[in-house]
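As structure tokens, the structure follows; a few thoughts come after it.
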Protein chains: 2
Amino acid sequence: MADLETRELRYFLAVAEELHFGRAADRLGIAQPPLSRAIRQLEHRLGVRLFDRDRRGVALTDAGRVLVREAGTALDAVAAAARRTRRAGSPTRPLVLVTKAGASHELLQELLDTHAGEPGATPVEVLLCEVGEQAGLLREGRADVALMHRPFDDLAGFDTEDLCVEGQVAILPASHPLAARDQLTLAEVQDVPDLPIARWPRLDGSYPDGPGPEVHTQSQLAQLVALGKTLLVIPASSRAWQWPEHVAVPVTDAPDVTTVIAWPPRRHTAAVAALVRTAAGLRPHSHPDAGCAGSARTHRRRLPGAARAGAARAGGGPDGGTD
Amino acid sequence: MADLETRELRYFLAVAEELHFGRAADRLGIAQPPLSRAIRQLEHRLGVRLFDRDRRGVALTDAGRVLVREAGTALDAVAAAARRTRRAGSPTRPLVLVTKAGASHELLQELLDTHAGEPGATPVEVLLCEVGEQAGLLREGRADVALMHRPFDDLAGFDTEDLCVEGQVAILPASHPLAARDQLTLAEVQDVPDLPIARWPRLDGSYPDGPGPEVHTQSQLAQLVALGKTLLVIPASSRAWQWPEHVAVPVTDAPDVTTVIAWPPRRHTAAVAALVRTAAGLRPHSHPDAGCAGSARTHRRRLPGAARAGAARAGGGPDGGTD
DNA sequence: CGACGCTGATACCTGTCGTGTATCACAGCG
DNA sequence: CGCTGTGATACACGACAGGTATCAGCGTCG
């Protein structure tokens with residue numbers, strides 16, 4: 001029943017990702033035979049086959065697929081332990097807040113200003129990332145809190161507090177006929193032949209099939225819209241996307257987007273709790289037609305307000321034990 | 001930046017718990033000098049002092065306290081990885097559902113019956129535990145889903161779905177004057193001189209100060225009530241506590257208790273998703289005055305119903321990706 | 001006040017096991 | 001049928017975790 005070592009999990013993940021012992025060993029900086037042995041030993045210890053070694057290739061078994069996911073979170077947890085402990089020892093340790101570049105800009109500005117005004121507030125360092133990266137950064141301990149957006153981001157495993165609710169707009173090339181409209185529906189936007197929806201890479205780096213262009217950063221996508229190659233539907237407060245060549249048209253039946261502040265569970269330091277409290281108190285949980293903090297400007301019009309005040313929240317609040 | 005090994009974390013936790021290198025080494029089954037070296041090396045790698053070695057004792061530093069918590073969850077994650085992978089490889093793998101012994105009995109019965117009736121349902125194995133143990137079992141991968149109770153249990157870090165809401169009752173010795181009452185308030189129950197509230201052990205095993213008896217299992221507490229030594233306030237549907245020598249009296253202003261089904265985030269197997277769906281569909285989310293599933297019998301009277309339908313929920317639902 | 005006990009730290013040796021080099025066995029392919 | 005490329009095997013080496021013996025400080029107690 002001997003416990004697994006992180007080294008074994010790293011080795012396993014390398015092989016699982018490369019599906020090739022030689023390349024995996026190369027990536028790990030070791031030779032291939034020891035890697036083969038390590039995997040074999042891991043399989044023996046778990047009592048489970050992790051790979052099907054067919055003569056011309058390696059494939060994950062069902063159990064292997066389970067371990068891919070489990071090993072990932074376990075290694076994240078170990079890395080987070082090291083990182084958080086290091087930071088706990090350093091004399092000055094600002095809170096790291098991560099958010100998608102360009103999203104909820106006014107809300108963030110207001111949060112930072114308000115927080116900075118509180119007596120004895122911990123300095124906050126802002127880390128901007130690309131779409132979907134917040135969860136990983138939080139899990140690895142590279143960040144303490146994140147601004148995330150439901151239903152886009154995966155909030156599973158975090159404690160969250162709703163901050164504001166807003167509608168979505170379609171971002172179109174100004175030159176396109178649809179850009180003249182006052183409002184749109186999802187159905188109208190879904191299938192515009194000359195503006196196919198862009199494709200983001202999957203976790204493994206491959207792209208789904210489809211007519212749209214392949215992108216992996218916001219800037220690429222924004223430029224493709226400006227070039228008249230695609231369109232997108234985003235929360236009204238997202239500023240980074242909105243170029244002069246763009247037009248934003250409210251999409252009436254698009255699901256509302258909730259901006260939430262999220263933090264790893266059971267990690268309430270006093271500093272995080274204070275920041276969360278400040279965020280929650282920014283305004284009475286998003287006034288029905290205020291959009292998010294600040295004016296949710298678009299290039300064409302203000303949005304029809306978002307109804308449905310924030311509701312959900314994971315576990316216990318951010319108050320509680322102080323340490 | 002070399003990664004930590006789980007061995008180092010286990011060593012650290014042992015020392016942190018014993019606060020004594022000799023005893024910790026003993027517990028780990030190794031000699032003391034290697035342990036000292038390992039800790040020293042760990043401190044060096046992290047660049048942080050973890051212990052203050054005063055001449056007559058070892059104490060955790062701030063960074064050490066952070067690592068205690070982090071190492072715990074990291075080791076849980078590693079153990080869960082091993083356990084879940086093993087189970088994924090075994091031919092027959094029933095779902096393990098854990099709940100507090102005696103809690104929400106009727107709801108559980110109904111859930112199991114309904115689930116068993118579904119076509120192709122995975123067999124469910126029920127694991128009964130003591131108060132507050134569910135979270136750990138879920139984190140360590142010993143269980144797949146849990147029935148938990150808000151606000152008592154710590155739901156942080158899990159996905160949850162509300163199942164039902166109910167009021168609380170005071171469990172009193174039948175012989176006590178208060179047992180004759182129709183209903184009570186928290187204030188009345190809080191400070192009964194001859195029925196001091198029992199004390200549960202803290203995480204470190206020590207007991208808080210106070211007049212009440214020390215307990216660490218439900219049965220002990222139930223018997224102490226029967227003996228006229230203490231009282232307690234619990235959800236109306238908790239059956240294990242209610243002996244013939246007990247009387248249950250509704251506490252009108254006690255906070256409502258929500259029974260939830262919880263599972264580790266990002267672990268939606270099809271089987272878990274199906275069970276959660278069944279649970280959520282058991283009835284239209286707790287009818288205002290139905291109490292929990294089945295009749296919430298007490299020895300004296302039915303409870304005044306619990307209002308406030310379930311609201312919160314953590315991350316994404318249990319549907320989604322099937323694997 | 002000095003001998004003793006107890007703490008964790010140090011010194012040094014040993015055995016294990018993770019690693020590298022060399023090689024093999026087997027499939028696909030031209 | 002040899003070539004290429006895969007992962008598995010054999011074996012020797014070296015790093016490092018672990019054990020034993022001992023030391024150094026600080027209580028305590030006769």
Side-chain angles (χ1 to χ4, degrees), chain A residues 1-61 63-65 67-68 71 75 78 82, chain B residues 1-61 63-65 67-68 71 75 78 82:
Chain A
M1 229 12 101
D3 289 279
L4 305 183
E5 287 299 327
T6 63
R7 181 178 48 79
E8 307 181 88
L9 295 181
R10 284 196 303 274
Y11 287 6
F12 167 76
L13 274 190
V15 177
E17 281 165 26
E18 300 282 351
L19 288 179
H20 189 290
F21 280 74
R23 281 195 296 275
D26 207 37
R27 210 175 84 181
L28 291 167
I30 65 172
Q32 171 258 319
L35 180 57
S36 284
R37 260 201 347 190
I39 297 294
R40 172 169 293 283
Q41 173 177 337
L42 178 60
E43 286 178 322
H44 186 257
R45 273 214 248 171
L46 291 173
V48 167
R49 285 195 71 76
L50 299 170
F51 296 103
D52 282 324
R53 284 89 145 171
D54 189 81
R55 258 307 156 192
R56 75 171 144 301
V58 176
L60 281 164
T61 63
R65 268 183 289 275
L67 187 57
V68 166
L75 289 182
V78 173
Chain B
M1 224 17 99
D3 288 279
L4 305 183
E5 288 299 326
T6 62
R7 181 179 46 82
E8 306 180 270
L9 295 181
R10 284 196 302 274
Y11 287 6
F12 167 76
L13 274 190
V15 177
E17 281 165 26
E18 299 284 351
L19 289 180
H20 189 291
F21 280 74
R23 280 195 297 274
D26 207 36
R27 210 174 82 180
L28 292 166
I30 65 173
Q32 170 259 319
L35 180 57
S36 285
R37 256 200 350 194
I39 298 294
R40 172 169 292 283
Q41 173 178 337
L42 178 60
E43 287 179 319
H44 187 257
R45 272 213 248 171
L46 291 173
V48 168
R49 284 196 74 76
L50 298 171
F51 295 103
D52 283 324
R53 284 89 146 170
D54 190 79
R55 259 306 155 193
R56 77 171 140 303
V58 176
L60 281 164
T61 63
R65 266 182 291 274
L67 188 56
V68 166
L75 289 182
V78 172

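In what follows, chains are A, B, ... by sequence order, proteins preceding strands, each numbered from 1.
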Can you sort out the partners of A:Q41 under side chain to side chain donor-acceptor pair (under 3.5 Å), two or more places apart, ordered by chain and number? none
Please state whether the phosphate of D:dG7, meaning OP1 or OP2, lies under 4.0 angstrom from any side-chain nitrogen or oxygen of A:R40. no
Closer than 4.0 Å, any side-chain N/O of B:R53 to the OP1 or OP2 of C:dT7? no
Taking [atom1] from [X] and [atom2] from [N], how many angstroms apart are they, rounded to a whole number?
X	N	atom1	atom2	result
B:L50	C:dG8	CG	C1'	16 Å
B:F51	C:dG8	CZ	P	11 Å
A:E5	C:dG18	CD	C1'	12 Å
A:I39	D:dA8	CD1	P	10 Å
B:H44	C:dA9	NE2	P	15 Å
A:R45	C:dG18	CZ	C1'	12 Å
B:L35	D:dG18	CG	C1'	11 Å
A:Q32	C:dC24	CD	C1'	12 Å

Determine the minimum heavy-atom distance between [X] and [Y], stating which atoms define it.
X	Y	value
A:V58	A:F51	CG1-CD2, 3.4 Å
B:L60	B:A16	CD2-CB, 4.0 Å
A:L13	A:V68	CD2-O, 3.7 Å

Roughly how far apart are A:D3 CG and B:E5 CD, rounded to 0.5 Å?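 Separation between the atoms: 12.0 Å.
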Strictly under 4.0 angstrom, non-hydrogen atoms only: write out the protein contact profile of nucleotides 11-16 of chain D, one letter per nucleotide from the 5' end, B, S or -. ------
Sorted by chain and residue number, the salt bridge (charged side-chain N to carboxylate O under 4.0 Å, His left out) partners of A:E18 (sequence neighbours excluded) come out as A:R23, A:R27
Go through the structure and list residues passing salt bridge (charged side-chain N to carboxylate O under 4.0 Å, His left out) with B:R65, not counting sequence neighbours.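 B:R65 satisfies salt bridge (charged side-chain N to carboxylate O under 4.0 Å, His left out) with B:D62 once adjacent residues are dropped.
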Which parts of residues 8-28 of chain A get close to DNA chain D, meaning a heavy atom less than 4.0 angstrom away?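 Those residues are A:H20, A:F21, A:G22.
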Could you check A:L42, A:L4, A:L35 and say which one makes a side-chain contact (heavy atoms from CB on, under 4.5 Å) with A:F12? A:L42
Taking for each residue the nucleotide of DNA chain C bearing the nearest heavy atom, is the 5' side occupied by B:P33 or by A:I30? B:P33
Among D:dG19, D:dA8, C:dT10, the one nearest A:S36 by side-chain distance: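 In terms of side-chain proximity for A:S36, the closest of D:dG19, D:dA8, C:dT10 is D:dA8.
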If you check the A:A31 side chain, which of C:dG20, D:dA8, D:dG7 turns out closest? C:dG20
Among residues at least two apart in sequence or on other chains, which ones pass side chain to side chain contact (heavy atoms under 4.5 Å, CB included) with B:R37?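 Testing B:R37 for side chain to side chain contact (heavy atoms under 4.5 Å, CB included), a comparison that skips the adjacent residues, returns none.
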